[in-house]
Protein chains: 2
Amino acid sequence: MSAARSTRKRILDAAAELFQRRGFSGFSYQHIAAQLGVRNAAIHYHFPSKADLGVALLGRYRDSFRWWTEQVGRQGLSSAQKVAGFLELESRYCLEGKVCPLGVVCVEFENVTEAVRAEAAGLASDLETWLVAVLEEGRRSQELQVEGASRPAAVVILAQLQGGLQLARLRGHRHFQDVLHRVRENLGISSADLMVAAS
Amino acid sequence: MSAARSTRKRILDAAAELFQRRGFSGFSYQHIAAQLGVRNAAIHYHFPSKADLGVALLGRYRDSFRWWTEQVGRQGLSSAQKVAGFLELESRYCLEGKVCPLGVVCVEFENVTEAVRAEAAGLASDLETWLVAVLEEGRRSQELQVEGASRPAAVVILAQLQGGLQLARLRGHRHFQDVLHRVRENLGISSADLMVAAS
DNA sequence: GTCTATAGAGGGATAGAC
DNA sequence: GTCTATCCCTCTATAGAC
């Protein structure tokens with residue numbers, strides 16, 4: 001952490017970008033090296049194997065999400081606003097032409113190490129746990145309309161977003177918008193909540 | 001087509017299997033060759049480049065689906081039964097530990113040729129077109145409960161299934177079951193329809 | 001912590017015999 | 001239509017200098 005932004009961080013930034021655009025086996029150390037203006041070996045110094053890089057990458061998604069949830073938790077937002085904020089995060093991916101990191105690991109599942117799978121499963125668990133809690137909270141306060149149990153409801157929402165993000169790539173952003181609208185409708189999230197979440 | 005099952009077909013079978021398990025760049029001609037007991041070059045004879053193989057692969061998914069829809073169309077099934085049959089197809093993938101072919105291309109989008117993308121987009125279009133028609137039909141006959149316009153409703157269902165299939169890999173089949181139940185609930189598909197579709 | 005250099009494996013692809 | 005043989009490239013990974 002000598003430089004303003006350490007090489008390790010810059011590697012992870014570049015890797016994340018490539019990861020969500022080309023898939024895990026779709027990018028190489030060379031791609032990262034070229035983008036950073038360093039050599040192949042420099043990256044191996046920070047991440048000895050590509051599996052190490054994969055695990056670190058997914059770990060950082062987990063850290064980012066944890067950081068985001070803690071921040072959101074401190075702002076005293078309503079359940080609807082929290083969900084709207086989450087949808088906003090996903091929308092950003094869509095605009096950037098990226099897909100959900102989970103989808104990448106899922107698709108290449110039998111091509112990645114056990115450690116990578118485990119870290120991805122952990123990320124999925126983090127997302128689900130948080131969303132379940134928010135749905136529960138929203139149900140109790142009657143801010144959100146949650147049909148059935150919260151856990152399956154959360155799973156369905158995550159699946160919708162993951163699939164929608166992918167289809168948007170193939171068939172246009174409108175497909176993701178369709179998913180977004182449906183999620184909001186189902187939960188009864190108003191446009192007022194969206195305003196707040198956007199700020 | 002000299003042998004009982006031509007090599008070309010056997011190649012596509014093996015490739016489809018690998019494709020849905022390891023992703024597109026996650027398998028090689030070597031994998032297929034080893035599985036078929038032939039040499040690398042034999043596969044290049046049938047599919048000069050890997051992009052050719054990818055396009056042929058997706059083309060076959062399209063053909064299979066077209067064949068399936070025509071068969072289903074001739075059986076005079078209700079709309080609910082048609083949808084139930086489609087869900088059955090997806091469930092089979094789940095049981096086999098596979099994901100939707102579309103998801104694979106979406107994830108590796110920036111790593112495949114334009115021709116592969118186009119064929120995948122075509123498959124997505126086929127699925128959507130068929131499902132929209134069935135939803136429309138079900139709405140008119142009041143067999144299916146379709147909220148809002150049929151097209152976005154179809155898109156959402158396809159996204160749910162694609163995402164659910166992937167998450168099931170990471171977190172267990174129950175996650176796909178959650179998605180299935182939600183899709184059926186939303187459309188108001190009864191268990192009686194499922195019986196017929198299973199046969 | 002980054003470099004040069006290189007090993008070693010695997011991948012896509014082709015030529016030419018059979 | 002399949003084989004052997006081979007080319008060339010890319011990729012992961014390591015050793016050792018700076």
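In the text below, chain A, chain B and the rest are named by the order of the sequence lines, each starting its count at 1.
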Audit row: Ser141(A), Glu143(A), side chain to side chain donor-acceptor pair (under 3.5 Å) steps and yes/no: CA-CA 5 Å; Ser141(A) 62; Glu143(A) 280 176 288; 2.9 Å; yes
Quick test: give all pairs of protein nitrogen or oxygen and nucleotides 2-6 of chain D nitrogen or oxygen below 3.5 Å, distance rounded to 0.1 Å.
residue	atom	partner	partner atom	Å
dT2(D)	OP1	Thr7(B)	OG1	2.4
dT2(D)	OP2	His46(B)	NE2	2.7
dC3(D)	OP2	Arg39(B)	N	2.8
dT4(D)	OP2	Arg39(B)	NE	2.8

- Carboxylate-amine/guanidinium contact Glu108(B) Arg22(A), below 4.0 Å: no
**Prompt:** Are any of the side-chain heavy atoms of Arg151(A) and His175(B) separated by less than 4.5 Å?
**Reply:** yes
Rounded to whole Å, NE2 of His44(B) lies from P of dT14(C) at a distance of 8 Å
To the nearest angstrom, the CD-P distance between Gln30(A) and dC11(D) comes to 6 Å
From CG of Asn111(A) across to C1' of dT12(D) the rounded distance in Å is 14 Å
What side-chain donor-acceptor pairs closer than 3.5 Å can you find for residues 93-106 of chain A, not counting sequence neighbours?
residue	atom	partner	partner atom	Å
Glu96(A)	OE1	Lys98(A)	NZ	3.2
Lys98(A)	NZ	Glu17(A)	OE1	3.3

Which of dA13(C), dA13(D), dC11(D) is nearest the side chain of Tyr29(B)? It is dA13(C)
In whole angstroms, the gap separating C1' of dG11(C) from CD1 of Ile43(B) amounts to 13 Å
query = Within the structure shown, what part of the strands sits under 4.0 Å from Phe27(A) by heavy-atom distance: base, sugar-phosphate, or nothing?
reply = sugar-phosphate
To the nearest angstrom, the CZ-P distance between Arg10(B) and dG1(D) comes to 14 Å
_Strictly distance-based, threshold 3.5 Å: is any side-chain N or O of Gln162(A) a donor or acceptor partner for the main-chain N or O of Ala159(A)?_
no
Query raised in the report: Given side chains that start at C-beta, do those of Leu170(B) and Leu123(A) come closer than 4.5 Å, heavy atoms only?
Result: no
Leu18(A) atom CG is separated from dT12(D) atom P, nearest whole Å, by 11 Å
